[in-house]
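Single-structure report; data block below.
Just so you know, ligand 1 is whichever comes first in the structure, and atom 1 is the first atom listed for that ligand. Side-chain atoms are counted along with the backbone in the values below, which use heavy atoms only and exclude waters and symmetry mates.
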Amino acid sequence: MMNWESIYANAKEWVIEAGDRIRSSFDKTLNIQTKSNPNDLVTNMDKEIEQFFIAKIKEVYPEDKIMGEEGFGDKLTSLEGIVWIIDPIDGTMNFIHQQRNFAISLGVYENGVGKIGIIYDVVHDELYHAFSGKGAYLNENPIPRLEETTVQESIIALNATWVMENRRIDHNLMIPLVRAARGTRSYGTAALEMVFVATGRVDSYISMRLSPWDYAAGVVIIEELGGIVTNLRGEKLDFLTQDSLFAAKPGLHQTILKEYLKDGRW
Ligand code: IPD
Ligand code: CA
Ligand code: CA
């Protein structure tokens, strides 16, 4: 029998310890490198934190699999068994430029089903965590369930890259939604934007393209509160490939899909 309570407790403890390590890196010089393009950044801390998690997980749960953004985990082609999905620092550009607006994101899945979601806003010392079926919390406080709202009363988090021409996606299709909403916001960290949906600070979050480690933890937290997360076509995410992402309060998700996103080739 899997002891999920102790997996949850260990995961939270490791995330908090990783947060301490990141905090104590603030007065040290970062080693910054680029990945796929000059704006795709990675630091020594992204790598160190991922390796820290992998060492902890492998020590206590050697059978489990790990998917991590920086590639120190396993190469996965299926979500069979227990899979830890880790983004050691989500919002690396913010981490480098601002030393805020970034988070650690850790999800634990069993045969593709989300069990644990933990997102740690290190600078604010805010730990968002959910254990499927047992509620979602911000530090020790339960987060209330999400209520329905209208497009006209909603704030939508989305990225300004929508205004750029994009070969795959017709960016003009987003204009009516932006016009109808009360406002838009952009924070540059998918993990925090997802917990902002979970806590009602924004009502929806839309992204053109994310990877499983960007959203694995956020999905568990949002779904635990009655929110809905799919891709922009309204389909379930597969947690193995890159996809668009659309998270929203219940009701709002259906309305936006039906009235604003239906013609998109997302
Ligand atoms: C990025 C952030 C950003 C999102 C990018 C992600 P990273 O993650 O979540 O908000 O727009 O698509 O790649 O690279 O900082 O972990
Ligand atoms: Ca990320
Ligand atoms: Ca990252």
Side-chain angles (χ1 to χ4, degrees), residues 14-15 18-19 21-22 25 30-54 66-73 84-107 109 117-123 126 128 155-164 166 168-169 171 174 178 184-198 201-202 204-222 229 231-232 237 239-247 266:
W14 296 337
V15 168
R21 286 172 178 242
I22 293 176
S25 78
L30 280 177
N31 176 348
I32 304 165
Q33 293 170 330
T34 57
K35 295 196 278 185
S36 59
N37 66 65
N39 301 325
D40 185 8
L41 306 173
V42 64
T43 73
N44 55 307
M45 287 312 290
D46 297 70
K47 295 177 187 172
E48 269 176 55
I49 297 298
E50 182 163 313
Q51 286 167 316
F52 163 82
F53 280 120
I54 291 173
I66 304 168
M67 187 196 300
E69 173 169 20
E70 306 312 337
F72 298 106
W84 297 64
I85 308 180
I86 299 166
D87 193 339
I89 299 181
D90 179 68
T92 296
M93 197 186 291
N94 292 344
F95 172 62
I96 294 167
H97 285 253
Q98 309 174 336
Q99 295 196 330
R100 66 189 66 205
N101 300 320
F102 67 87
I104 297 169
S105 177
L106 184 153
Y109 281 64
I118 303 175
I119 292 176
Y120 187 31
D121 180 342
V122 173
V123 170
E126 288 178 335
Y128 301 85
I155 298 180
I156 301 178
L158 47 85
N159 196 299
T161 48
W162 281 106
V163 301
M164 297 194 292
N166 185 305
R168 266 182 340 110
I169 291 173
H171 62 297
M174 208 43 80
V178 171
T184 57
R185 298 289 183 274
S186 184
Y187 300 95
T189 151
L192 287 184
E193 283 164 304
M194 290 185 81
V195 291
F196 291 169
V197 173
R201 294 173 194 163
V202 303
S204 173
Y205 169 56
I206 296 178
S207 175
M208 258 191 265
R209 195 145 65 120
L210 290 179
S211 297
W213 42 80
D214 298 314
Y215 56 74
V219 168
V220 178
I221 299 172
I222 292 175
V229 190
N231 63 22
L232 281 167
L237 299 159
F239 299 93
L240 283 170
T241 51
Q242 288 193 326
D243 205 343
S244 57
L245 185 125
F246 171 38
W266 315 111

| Closest protein heavy atom to atom 6 (C) of ligand 1, given as residue, atom name and distance to 0.1 Å | D214 OD1, 3.9 Å
| Using heavy atoms and a threshold below 4.0 Å, how should the contact between D46 and ligand 1 be classified: side chain, backbone, both, or neither? | neither
| Is there a nitrogen or oxygen of S207 sitting under 3.5 Å from a nitrogen or oxygen of ligand 1? | no
| query | Hey, which atoms in ligand 1 end up nearer than 4.0 Å to a heavy atom of D87? | reply | 16 (O)
| said: Working note: I85 + W213, criterion side-chain contact (heavy atoms from CB on, under 4.5 Å); need CA distance, chi angles, decisive distance, verdict. | reply: CA-CA 5 Å; I85 308 180; W213 42 80; 4.1 Å; yes
| Taking distance alone, with no angle check, do A191 and ligand 1 share an N/O pair under 3.5 Å? | no
| request: Indicate, as side chain, backbone, both or neither, the part of L210 found under 4.0 angstrom from ligand 1 when only non-hydrogen atoms are considered. | output: side chain
| message | Give me the number of protein N, O or S atoms whose distance to the Ca ion (ligand 2) is under 3.0 Å. | response | 3
| Per-residue contact class, R209 against ligand 1 - non-hydrogen pairs under 4.0 Å | backbone
| field | Audit row: L30, N44, side-chain contact (heavy atoms from CB on, under 4.5 Å) steps and yes/no | value | CA-CA 7 Å; L30 280 177; N44 55 307; 3.5 Å; yes
| task | Decide whether the shortest distance between a heavy atom of I89 and an atom of ligand 1 is less than 4.0 Å. | result | yes
| request: List every atom of ligand 1 that sits less than 4.0 Å from any heavy atom of T189, numbering the atoms from 1 in the order shown and giving each element. | output: 9 (O), 10 (O)
| task | Can you sort out which atoms of ligand 1 are near T92, meaning under 4.0 Å from one of its heavy atoms? | result | 15 (O)
| What is the nearest protein non-hydrogen atom to atom 7 (P) of ligand 1, stated with its residue, atom name and distance? | G91 N, 3.6 Å
| query | Do N101 and T189 have side-chain N/O donor and acceptor atoms under 3.5 Å apart? | reply | no
| message | Checking side-chain contact (heavy atoms from CB on, under 4.5 Å) between M194 and each of I221, D214, V219, which is the one that passes? | response | V219
| request: Answer yes or no: is there a donor N or O on one side and an acceptor on the other, between the side chain of E50 and the main chain of G71, under 3.5 Å? | output: yes
| Among protein heavy atoms, which sits nearest to atom 14 (O) of ligand 1, and what does the distance come to when rounded to 0.1 Å? | E69 OE2, 3.7 Å
| Mind checking whether Y187 and F196 have parallel, tilted or perpendicular rings, split at 30° and 60°? | perpendicular
| said: Checking the side chain of S207 only, and the main-chain atoms of S244 only, is there a donor and an acceptor separated by less than 3.5 Å? | reply: no
| query | Are any side-chain N or O atoms of T34 and backbone N or O atoms of N37, one a donor and one an acceptor, separated by less than 3.5 Å? | reply | no
| query | Under 4.5 Å between any side-chain heavy atoms of I222 and Y205, yes or no? | reply | no
| said: Can a donor-acceptor pair be found, under 3.5 Å and without considering hydrogens, that links the side chain of D243 to the backbone of L237? | reply: no
| task | For atom 1 (C) of ligand 1, find the nearest protein heavy atom and state the residue, atom name and distance (0.1 Å precision). | result | D90 OD1, 3.9 Å
| task | Ignoring hydrogens and angles, tell me if any N or O in the side chain of D40 forms a donor-acceptor pair with the backbone of S36 under 3.5 Å. | result | yes
| Any sub-3.5 Å donor-acceptor pair from S105's side-chain atoms to A191's backbone N or O? | no
| task | For atom 11 (O) of ligand 1, grab the closest protein heavy atom and report residue, atom and distance to one decimal in Å. | result | N159 ND2, 3.6 Å
| atom 3 (C) of ligand 1: which protein heavy atom is closest, and how many Å away? | G188 O, 3.7 Å
| said: Under the side-chain contact (heavy atoms from CB on, under 4.5 Å) test against V15, which residue among I119, L106, I49 passes? | reply: L106
